[in-house]
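For reference, the structure is listed below as structure tokens.
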Protein chains: 2
Amino acid sequence: MKEGLRERTRRAVRAELAEVAIGLFARQGFDDTTVEDIARAAGMTKRSFFRYFPTKEDVVFDGVDLTGEKVVADIAARPAEEDPWDSLHHVLRAWQEEIHASEQVLATLRLIEATPALVGRLHQRRTEWRRRVSDALQGRLGVDIDAYTADLLTNAATAVLDAVSSQWVRTNGHANRSALLEQGFIQVHVNRNLRQA
Amino acid sequence: MKEGLRERTRRAVRAELAEVAIGLFARQGFDDTTVEDIARAAGMTKRSFFRYFPTKEDVVFDGVDLTGEKVVADIAARPAEEDPWDSLHHVLRAWQEEIHASEQVLATLRLIEATPALVGRLHQRRTEWRRRVSDALQGRLGVDIDAYTADLLTNAATAVLDAVSSQWVRTNGHANRSALLEQGFIQVHVNRNLRQA
DNA sequence: GACTATAGTGTCACCAGGTGACACATAGGC
DNA sequence: GCCTATGTGTCACCTGGTGACACTATAGTC
């Protein structure tokens with residue numbers, strides 16, 4: 001683990017940059033905060049900011065990343081005979097429980113919700129992620145899921161996730177996310193494909 | 001109808017601008033086409049382009065607009081005792097059939113799919129639209145739907161819509177959109193809220 | 001402990017998407 | 001024919017983002 005120091009400082013700078021940025025966004029809004037503002041507040045140049053984050057939007061998603069590389073892997077690892085909807089339920093339940101519901105996360109979600117540009121970026125990321133999940137669902141051995149059904153399943157799963165998130169924000173973080181997720185996955189149900197019928 | 005002429009020319013210019021833009025995007029890609037390019041190709045200034053479209057992205061959505069003000073109204077007009085999932089099914093079926101599946105629409109969807117910025121913008125618009133649909137669902141008189149369930153319903157409905165759209169593009173427009181929609185709304189099912197149980 | 005490759009930084013120049021302000025023309029309503 | 005909207009070009013400007021270059025500090029090597 002020799003590569004520690006350099007990477008550690010890098011991550012530390014990233015984290016502080018994100019913290020400073022979120023703070024400024026919360027106070028004066030996303031659009032009224034320039035990258036220069038953030039950079040100067042963190043003691044660096046605009047140019048250097050972009051060496052840590054590809055875009056101004058991405059600094060927001062540093063903590064609340066929904067990429068979930070692990071989710072993709074977990075889906076693929078589920079038994080092939082399991083109902084795919086149950087697989088999604090199982091994996092996403094586990095995944096959600098790992099995200100501790102801090103005040104910070106709540107504030108970030110609120111910020112995203114209030115900023116069109118961030119909403120767009122979030123869904124853009126999620127779209128890429130969904131395609132990977134969808135592929136993972138189809139990729140399980142000995143499964144006869146067609147692409148359309150796989151999309152249906154993943155889209156529906158994120159539909160639940162979104163509703164949970166909205167409700168959680170709506171209740172100022174008082175709602176029980178796990179309970180909401182359970183309820184959602186029961187209220188919404190997606191059948192395996194009915195092709196052969 | 002005195003306001004005709006002025007508005008008609010305006011819409012005509014808009015339409016031509018959109019056509020020119022789509023053409024350029026198709027040939028050289030969205031990112032490699034500047035607003036100046038579009039404007040000059042349509043015989044006007046960059047500044048004037050922005051008097052017709054708020055952003056470069058929006059010119060793409062001129063034809064494929066998913067805003068559907070009509071959908072919101074139709075939802076609200078459905079009988080309150082109808083199962084909300086069936087209401088969505090009914091309204092969206094009618095809505096989709098109005099969009100004739102032209103080659104142009106297909107090309108546009110492909111363009112969107114291939115351009116991250118457009119994906120973001122699309123979902124951004126759709127998010128706003130969903131909130132309005134969700135409100136409409138809750139707004140029906142004498143209905144006991146809570147906000148969470150309403151979100152669940154609308155999110156799931158757009159999940160179906162997205163899957164249909166993806167599959168349609170995937171099959172180069174050969175798939176039967178109506179049939180996919182029917183299948184989707186049957187495979188996915190969202191129950192009324194189970195609160196009182 | 002000095003030495004060199006390399007990561008990180010500032011500076012500068014530049015491009016593209018957008019916006020505000022102003023002056024000018026053109027077309028509509030009277 | 002006059003007055004007033006409305007549309008247009010021009011110009012100046014801001015912000016997000018990128019490429020190039022020179023400089024500095026550090027990590028690993030001897």
Side-chain angles (χ1 to χ4, degrees), chain A residues 1-18 20-22 24-25 28-62 111-112 115-122 124-125, chain B residues 1-18 20-22 24-25 28-62 111-112 115-122 124-125:
Chain A
M1 299 293 161
K2 283 268 187 91
E3 330 90 340
L5 202 148
R6 218 135 187 173
E7 290 190 3
R8 254 187 307 163
T9 60
R10 183 170 176 84
R11 276 203 300 159
V13 174
R14 257 183 83 95
E16 201 202 316
L17 216 36
V20 168
I22 295 277
L24 288 175
F25 292 158
Q28 42 182 127
F30 182 81
D31 292 327
D32 290 340
T33 305
T34 75
V35 174
E36 278 254 12
D37 291 342
I38 303 167
R40 295 193 80 83
M44 60 172 65
T45 326
K46 174 185 139 192
R47 192 68 186 86
S48 273
F49 172 91
F50 286 111
R51 294 197 245 249
Y52 285 93
F53 294 97
T55 72
K56 182 184 169 187
E57 279 107 34
D58 282 299
V59 74
V60 173
F61 299 111
D62 200 37
L111 175 65
I112 294 172
T115 313
L118 293 176
V119 173
R121 188 81 180 180
L122 172 67
Q124 179 183 331
R125 283 178 162 231
Chain B
M1 297 290 164
K2 283 269 187 87
E3 329 90 340
L5 203 149
R6 219 133 185 173
E7 290 190 3
R8 254 187 307 163
T9 59
R10 183 170 176 83
R11 276 203 301 159
V13 173
R14 255 183 85 95
E16 200 203 317
L17 215 37
V20 168
I22 295 278
L24 287 175
F25 292 158
Q28 43 182 127
F30 183 81
D31 292 327
D32 289 340
T33 305
T34 76
V35 174
E36 278 253 10
D37 291 342
I38 303 167
R40 295 193 79 82
M44 59 172 67
T45 327
K46 175 184 139 192
R47 191 67 186 86
S48 273
F49 172 91
F50 285 112
R51 295 198 244 249
Y52 285 93
F53 294 98
T55 72
K56 181 184 169 188
E57 280 107 33
D58 282 298
V59 74
V60 174
F61 299 112
D62 198 39
L111 176 65
I112 294 172
T115 314
L118 293 176
V119 173
R121 187 81 181 179
L122 173 66
Q124 177 181 332
R125 283 179 162 232

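Atom set for the values below is all heavy atoms of this structure, side chains included, hydrogens, waters and symmetry mates excluded. Chain letters run A, B, ... following the sequence lines, proteins first, then strands; residues in each count from 1.
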Legend entry - Interatomic spacing from CZ in B/F30 to CD1 in B/I112 - rounded to 0.5 Å: 10.0 Å
Legend entry - Residue-phosphate contact under 4.0 Å: B/R10 side-chain N/O, D/dT6 OP1/OP2: no
Legend entry - Distance in Å, B/F25 CZ paired with B/I38 CD1, rounded so as to fall on 0.5 Å steps: 3.5 Å
Inset, instruction - Find which nucleotide of DNA chain D each of B/Y52 and A/F30 is nearest to by heavy atoms, and output the residue with the more 5' nucleotide. - result: B/Y52
Inset, instruction - Please say whether more than 12 non-hydrogen atoms of neighbouring residues, nucleotides or ligands are located less than 6.0 Å from CZ in A/R14. - result: yes
Inset, instruction - Could you check how far CZ of A/R11 sits from P of C/dA7, rounded to whole Å? - result: 18 Å
Atom pairs and distances, side-chain donor-acceptor, residues 39-55 of chain B, under 3.5 Å, sequence neighbours left out:
from  : atom 1 : to    : atom 2 : distance (Å)
B/T55 : OG1    : B/E57 : N      : 3.3
B/T55 : OG1    : B/D58 : N      : 3.2
B/T55 : OG1    : B/D58 : OD2    : 2.7

Inset, instruction - Applying side chain to side chain contact (heavy atoms under 4.5 Å, CB included), run through A/R121 and A/V60 and close with a yes or a no. - result: CA-CA 10 Å; A/R121 188 81 180 180; A/V60 173; over 6 Å; no
Inset, instruction - Figure out the CZ/C1' separation between A/R14 and C/dA7, and round it to whole Å. - result: 16 Å
Legend entry - A/E16 atom CD, over 12 foreign heavy atoms within 6.0 Å: no
Legend entry - Selection: residues 37-49 of chain A, any non-hydrogen atom under 4.0 Å of DNA chain D: A/K46, A/R47
Inset, instruction - Using a heavy-atom cut-off of under 4.0 Å over every strand shown, decide if B/F53 touches base, sugar-phosphate, or nothing. - result: nothing
Legend entry - Rounded distance in Å - CD (B/E36) to P (D/dG9): 11 Å
Inset, instruction - Return yes if the base of D/dG17 and the side-chain atoms of A/R51 contain a donor-acceptor N/O pair under 3.5 Å, otherwise no. - result: no
Inset, instruction - Can you tell me the distance, in whole Å, between the CG atom of B/D58 and the P atom of C/dT19? - result: 10 Å
Inset, instruction - Calculate the interatomic distance between A/L17 atom CG and C/dG8 atom C1'; express it in whole Å. - result: 14 Å
Legend entry - Whole-Å gap separating P (C/dA16) and CD (B/E57): 16 Å
Legend entry - Atom pair CD (A/Q124) and CG (B/L122), whose distance is rounded to the nearest 0.5 Å: 11.0 Å
Inset, instruction - Starting at atom NZ of B/K56, determine the distance to atom P of C/dT19, rounded to an integer number of angstrom. - result: 14 Å
